[in-house]
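Working notes, beginning with the structure itself.
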Amino acid sequence: MVSASDLPVGERFDWFSDTLSREVVPTALSTERPAEFQAEAAVLELGELRLARLEFSPLSSRRTPALIRRGDPGQYQLGLMRGGRAFLAQQRNECGVGAGDILLWDTSRTSDVQTAADDGLVRLAMLQLPQNALPLNEDRLGRLLARRIPGDQGVAAVLTAFVDALEGHGGQCSPAELHRLGTVAVDLVSACLAQHLDAEAELPRKSERRRCSSASTPSSTTTSPTRP
């Protein structure tokens, strides 16, 4: 866990903005009270996946075509709201979410996010998944971008409990164990999204998924073309 509290007050917001652009995705951040800004961040590597735990003062974030051209990891990012509220607009969809909700966005598409928190901090757990890791049709997945998914129902509740366990105990696991847990995370995310798309039939059988996984390579972090 790294914390902005270790830095002088005037450097905290710039540090978080730079960290987010380098470690997550280039984005334009703004906040109404930069002198009061607080943030903490922790990352857990899960093979080709990554779990980020973020706590930060309310801010706004924009992902523009220019920023996508500057850097695009080619990911779907799935956020589990732990505290505070967020409003996300992407792919002509809009949603507001609060603690306990799940939302999905695509780093290759423009987006606009505003966050708020009554107690001063927004808390978010975020899974970063290569776009080719999910075995669902891209057009179908586009229907779930910027859509609220309740985190206390069905497979979403199981996924939430799994991420809770990763946050609490992932640091005790070896790299090989974390890689295997990353595979479980992909399966749970895929099942959760398929349930909300009524697309369970698209999910590959276990043996098929293993063959596809062994044949695939992690997504490149180079810039990919902008999708509107």
Side-chain angles (χ1 to χ4, degrees), residues 1 3 16 20 23-25 27 29 31 37-44 46 49-61 63 75-91 93-107 109 111-129 133-134 136 140-171 181-182 184-200 203:
M1 173 74 75
S3 174
F16 185 70
L20 211 63
E23 300 296 332
V24 180
V25 68
T27 185
L29 301 184
T31 183
F37 191 80
Q38 295 288 340
E40 292 186 345
V43 173
L44 188 65
L46 303 167
L49 275 66
R50 175 183 283 186
L51 172 64
R53 186 175 68 193
L54 305 172
E55 297 185 4
F56 50 90
S57 299
L59 51 75
S60 297
S61 170
R63 184 108 165 105
Q75 293 176 346
Y76 288 110
Q77 297 184 343
L78 184 136
L80 289 76
M81 294 296 298
R82 303 302 200 190
R85 302 178 300 281
F87 178 85
L88 169 65
Q90 186 174 67
Q91 188 64 6
N93 296 336
E94 298 180 350
C95 74
V97 296
D101 291 332
I102 294 173
L103 68 163
L104 180 73
W105 61 95
D106 182 345
T107 65
R109 301 177 190 271
S111 61
D112 195 340
V113 183
Q114 287 87 40
T115 61
D118 294 333
D119 66 355
L121 287 176
V122 178
R123 297 176 176 86
L124 174 72
M126 181 176 63
L127 282 168
Q128 300 170 248
L129 305 103
L134 297 179
L136 296 166
R140 279 182 176 268
L141 283 172
R143 290 161 42 192
L144 283 183
L145 299 177
R147 294 294 192 192
R148 174 181 174 268
I149 299 175
D152 60 351
Q153 302 174 18
V155 183
V158 178
L159 173 61
T160 297
F162 177 74
V163 174
D164 288 344
L166 281 177
E167 289 185 303
H169 305 287
L181 290 171
V184 176
V186 170
D187 287 344
L188 284 174
V189 170
S190 299
C192 173
L193 300 180
Q195 183 180 58
H196 283 270
L197 289 168
D198 194 23
E200 288 91 342
L203 297 177

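For clarity, every value in this text was computed on a predicted model and none was experimentally measured. Computed over heavy atoms, backbone and side chain alike; hydrogens, waters and symmetry mates excluded.
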Tell me which donor-acceptor pairs under 3.5 Å the side chains of residues 146-158 have, and how far apart each pair is, sequence neighbours excluded?
{"from": "Arg147", "atom 1": "NH2", "to": "Asn93", "atom 2": "OD1", "distance (Å)": "3.2"}
{"from": "Arg148", "atom 1": "NE", "to": "Asp101", "atom 2": "OD1", "distance (Å)": "3.1"}
{"from": "Arg148", "atom 1": "NE", "to": "Asp101", "atom 2": "OD2", "distance (Å)": "3.0"}
{"from": "Arg148", "atom 1": "NH2", "to": "Asp101", "atom 2": "OD1", "distance (Å)": "3.2"}

If we ignore hydrogens and angles and just use 3.5 Å, is the side chain of [X] paired with the main-chain N or O of [Y] as donor and acceptor?
| X | Y | answer |
| --- | --- | --- |
| Thr31 | Pro58 | yes |
| Ser60 | Gln114 | no |
| Thr115 | Ala86 | no |

Shortest non-hydrogen contact between [X] and [Y], atoms and distance:
| X | Y | answer |
| --- | --- | --- |
| Gly142 | Gln91 | O-CG, 4.0 Å |
| Gly171 | Leu44 | N-CD1, 4.4 Å |
| Leu144 | His196 | CD2-CB, 4.2 Å |
| Ala125 | Glu167 | CB-OE2, 3.6 Å |

Quick one: do Met81 and Leu124 satisfy side chain to side chain contact (heavy atoms under 4.5 Å, CB included)? Show the steps, please.
CA-CA 5 Å; Met81 294 296 298; Leu124 174 72; 3.8 Å; yes
What distance do [X] atom [atom1] and [Y] atom [atom2] have between them, rounded to the nearest 0.5 Å?
| X | Y | atom1 | atom2 | result |
| --- | --- | --- | --- | --- |
| Asp112 | Gln90 | CG | CD | 10.5 Å |
| Leu181 | His169 | CG | NE2 | 12.0 Å |
| Arg123 | Leu80 | CZ | CG | 15.0 Å |
| Asp106 | Gln75 | CG | CD | 10.0 Å |
| Ile102 | Thr160 | CD1 | OG1 | 4.0 Å |
| Arg63 | Arg109 | CZ | CZ | 12.5 Å |

Do [X] and [Y] have side chains that get closer than 4.5 Å, going by heavy atoms?
| X | Y | value |
| --- | --- | --- |
| Val43 | Glu23 | no |
| Val189 | Leu193 | yes |
| Leu203 | Leu136 | yes |

Excluding sequence neighbours, so at least two apart, what forms ring-ring contact (aromatic ring centres under 6.0 Å, His included) with Phe16?
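Phe37, Phe56.
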What do the steps show when you test Val97 against Leu88 for side chain to side chain contact (heavy atoms under 4.5 Å, CB included), and what is the final call?
CA-CA 8 Å; Val97 296; Leu88 169 65; over 6 Å; no
Only one of Leu54, Val122, Val163 clears side chain to side chain contact (heavy atoms under 4.5 Å, CB included) with Arg82; which?
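Option passing the side chain to side chain contact (heavy atoms under 4.5 Å, CB included) with Arg82: Val163.
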Is the closest basic N to carboxylate O distance between Asp198 and Arg140 below 4.0 Å?
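Judged by the 4.0 Å cut-off on N to carboxylate O distance, Asp198 and Arg140 do not form a salt bridge.
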Test Val184 against Leu46 for side chain to side chain contact (heavy atoms under 4.5 Å, CB included), laying out the working first.
CA-CA 10 Å; Val184 176; Leu46 303 167; over 6 Å; no
